[in-house]
Amino acid sequence: MVSVINTVDTSHEDMIHDAQMDYYGTRLATCSSDRTVKIFDVRNGGQILVADLRGHEGPVWQVAWAHPMYGNILASCSYDRKVIVWKEENGSWDKMYEYTGHESSVNSVCWGPYDFGLILACGSSDGAISLLTFTGEQQWDVKKISNAHTIGCNAVSWAPAVVPGSLVDQPSGQKPNYVKRFVSGGCDNLVKLWKEEDGQWKEDQKLEAHSDWVRDVGWAPSIGLPTSTIASCSQDGRVFIWTCEDPTGNTWTPKLLHKFVDVVWHVSWSITGNILAVSGGDNKVTLWKESMDGQWACISDVSKGQGAVSSITDTQQSEQ
């Protein structure tokens with residue numbers, strides 16, 4: 001069961017669009033239509049505002065923490081067409097990099113696995129996806145996938161660095177096989193998989209099941225097992241779980257998790273990749289888990305704001 005253990009009064013002056021904990025769960029970054037990004041220290045149930053980052057000129061849609069091995073680094077993206085990478089040095093936060101290569105709102109940012117260095121995927125309403133790679137000495141390399149999604153890209157999510165099954169099949173002492181891959185969702189109702197080959201990004205797969213804009217995608221963390229899993233959610237109220245057990249990565253099978261009564265905005269995997277959190281226009285967060293026979297069941301249902309948790313039987317009755 002889930003219950004609300006802490007609430008944070010952010011003092012944002014407008015709607016909050018995203019909130020992300022850092023790797024250690026001690027800091028919370030929030031972003032809002034008030035054009036600011038705020039960082040809070042949330043240790044021991046308390047909350048201390050440690051930074052109020054101002055640099056965007058429009059609503060800030062999403063924030064993403066880089067892996068701590070690269071320091072305290074946070075990326076933010078906005079309606080103002082900009083991506084800003086912020087870095088903390090000696091207790092103060094400053095801009096490390098500002099990217100202005102998109103022609104429309106930047107809707108999603110996601111850092112790649114730490115194994116690849118600092119690499120950030122950015123999805124925009126101009127239909128393009130940018131890959132920003134830190135090359136050292138304050139330099140960034142930019143690669144752009146134009147027309148990734150017609151009418152716009154809403155979400156990006158990286159695949160685990162290790163190729164599925166490589167931990168199982170690998171002879172001991174040999175390094176596992178790393179491949180750069182990520183998934184995106186767009187206004188063309190498509191989920192697309194992308195793969196880097198010889199330094200160039202290519203479309204690897206096109207997954208079709210949604211009948212309206214894909215709002216979010218999440219590639220499940222993996223522990224090197226043979227199966228790859230992706231969750232996608234859409235304006236059509238549906239959440240699909242896509243699985244691929246084929247080592248070549250070519251055959252993806254969709255399974256409908258649930259048809260909700262309203263738009264589904266976000267999907268988010270637990271660290272171990274076996275629980276999926278889903279939030280949508282019904283103002284609820286539901287948690288889903290796969291049973292031994294491959295069926296997905298709702299294990300928790302929380303109304304946002306109240307901290308109230310209803311039991312699963314209540315949920316099922318209200319849906320019948």
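Note that the coordinates shown come from a computational prediction; the quantities given were computed from them, not determined experimentally.
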K.L.:
Any pair with a residue in residues 23-51 that passes ring-ring contact (aromatic ring centres under 6.0 Å, His included), sequence neighbours left out, goes on the list, sorted by first then second residue, please.
P.N.:
Tyr23-His67

K.L.:
With sequence neighbours left out, write down each residue that passes ring-ring contact (aromatic ring centres under 6.0 Å, His included) with His102, or none if nothing qualifies.
P.N.:
Tyr99

K.L.:
Looking at Asp41 and Arg43, is there a salt bridge between them, counting it only when a charged N and a carboxylate O are closer than 4.0 Å?
P.N.:
yes

K.L.:
With distance as the sole test, does Ser291 use its side chain to make a donor-acceptor pair with the main-chain N or O of Gln295 at under 3.5 Å?
P.N.:
yes

K.L.:
Asp18: which residues meet the side-chain hydrogen bond (donor to acceptor under 3.5 Å, both in side chains) condition with it, sequence neighbours left out?
P.N.:
Gln20

K.L.:
With Asp9, which residues qualify under salt bridge (Lys or Arg N to Asp or Glu O under 4.0 Å), at least two apart?
P.N.:
none

K.L.:
Taking only residues two or more places apart in sequence, or in another chain, which ones meet Gln235 in a side chain to side chain contact (heavy atoms under 4.5 Å, CB included)?
P.N.:
Asp212, Trp213, Arg215, Val263

K.L.:
Do the side chains of Phe260 and Ile241 join up, straight or via other hydrophobic residues, at under 4.5 Å, putting them in one cluster?
P.N.:
yes

K.L.:
Counting only pairs under 3.5 Å, give me each side-chain donor-acceptor contact of residues 150-163, with atom names and distances, residues two or more places apart or in other chains.
P.N.:
| unit_1 | atom_1 | unit_2 | atom_2 | d |
| --- | --- | --- | --- | --- |
| Asn154 | ND2 | Val214 | O | 2.9 |
| Ser157 | OG | Trp219 | N | 3.0 |
| Trp158 | NE1 | Cys110 | O | 3.0 |

K.L.:
Could you tell me whether the side chain of Lys87 and the main chain of Gly71 form a donor-acceptor pair under 3.5 Å?
P.N.:
no

K.L.:
By side-chain hydrogen bond (donor to acceptor under 3.5 Å, both in side chains), which residues pair with Ser78, not counting sequence neighbours?
P.N.:
Asp80

K.L.:
Which residues pass the salt bridge (Lys or Arg N to Asp or Glu O under 4.0 Å) test with Lys95, not counting sequence neighbours?
P.N.:
Glu98

K.L.:
Tell me which pairs pass salt bridge (Lys or Arg N to Asp or Glu O under 4.0 Å) where either residue lies in residues 28-40, with sequence neighbours left out.
P.N.:
none

K.L.:
Would the distance check show the side chain of Ser279 and the main-chain N or O of Lys284 forming a donor-acceptor pair, the cut-off being under 3.5 Å?
P.N.:
no

K.L.:
Among residues at least two apart in sequence or on other chains, which ones pass salt bridge (Lys or Arg N to Asp or Glu O under 4.0 Å) with Asp236?
P.N.:
Arg238

K.L.:
Hey, is the main chain of Trp201 close enough, under 3.5 Å, to the side chain of Lys180 for a donor-acceptor pair?
P.N.:
no

K.L.:
Sequence neighbours excluded, which residues qualify as side-chain hydrogen bond (donor to acceptor under 3.5 Å, both in side chains) partners of Trp93?
P.N.:
none

K.L.:
Side chains of His210 and Asn189: donor-acceptor distance under 3.5 Å anywhere?
P.N.:
no

K.L.:
For a 4.5 angstrom cut-off between non-hydrogen side-chain atoms, does Ser33 reach His17?
P.N.:
yes

K.L.:
If you compare all heavy atoms of Ala128 against all heavy atoms of Lys144, which two are closest, and at what distance to 0.1 Å?
P.N.:
CB-CE, 3.8 Å

K.L.:
Are Asp204 and Lys202 close enough for a salt bridge, meaning some N to O gap below 4.0 Å?
P.N.:
no

K.L.:
Keeping to residues at least two apart or across chains, list the salt bridge (Lys or Arg N to Asp or Glu O under 4.0 Å) pairs with something in residues 252-274.
P.N.:
none

